[in-house]
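I have placed the structure first, in the form of structure tokens, so that the comments after it can refer back to it.
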Amino acid sequence: MMYPFLTLEDNTEIVHSEQLENGEVKVYVETPDEKDCFHNMTCYLPSYRMEVHGYSEEQVKYYMDIIKSTAHLIMEFSREGGFMNASGF
């Protein structure tokens, strides 16, 4: 299951999985693009292993900065059933 995490002002969506059996969490980033439909990348926490499709190096750095600065929250939310369950809303 994937849980919503963050929507940026350029309509980039960041979602994450529940904690996988191997302890990793899949973080998926997707941005609409007029020419290519969507650019996307997948990052697996805690190793930060990545798969990138369509983003420039600068964009990857920007999104990775976001992921790295919130990785502790993403990891927690993945164990608690996403933000809505972890926050008690």
Counting only heavy atoms from other residues, nucleotides and ligands, does the tally under 6.0 Å from CD of E57 exceed 12? no
Verify the neighbour count for atom OH of Y28: are there more than 12 heavy atoms of other residues, nucleotides or ligands below 6.0 Å? yes
Should [X] and [Y] be regarded as members of a common hydrophobic cluster, given that ILVMFWY residues are connected when their side-chain heavy atoms come within less than 4.5 Å of each other, either directly or indirectly?
X   : Y   : value
L73 : Y3  : no
I14 : M2  : no
L20 : Y48 : no
Y44 : I66 : no
F38 : M41 : no

V25, L6, V15 screened by side chain to side chain contact (heavy atoms under 4.5 Å, CB included) with I74, the one that passes: V25
Interatomic distance, [X] atom [atom1] to [Y] atom [atom2] [nearest 0.5 angstrom]:
X   : Y   : atom1 : atom2 : result
S78 : E24 : OG    : CD    : 11.0 Å
F77 : Q19 : CZ    : CD    : 14.0 Å
K68 : K61 : NZ    : NZ    : 8.0 Å
E18 : K26 : CD    : NZ    : 12.0 Å

Across all chains, not counting sequence neighbours, the ring pair (Phe, Tyr, Trp, His ring centres under 6.0 Å) partners of Y55 are H39, Y63
Closest non-hydrogen atoms of Q59 and G54, given as atom of the first, atom of the second and distance, are OE1-O, 4.2 Å
Closest non-hydrogen contact found for P46 with M75 is CD-CE, 4.4 Å
Assess, by modelled atom type and distance only, whether the side chains of T7 and E13 contain a donor and an acceptor separated by less than 3.5 Å. yes
For T31, run the side-chain hydrogen bond (donor to acceptor under 3.5 Å, both in side chains) check against T12, D36, D10, N11 and tell me which one passes. T12
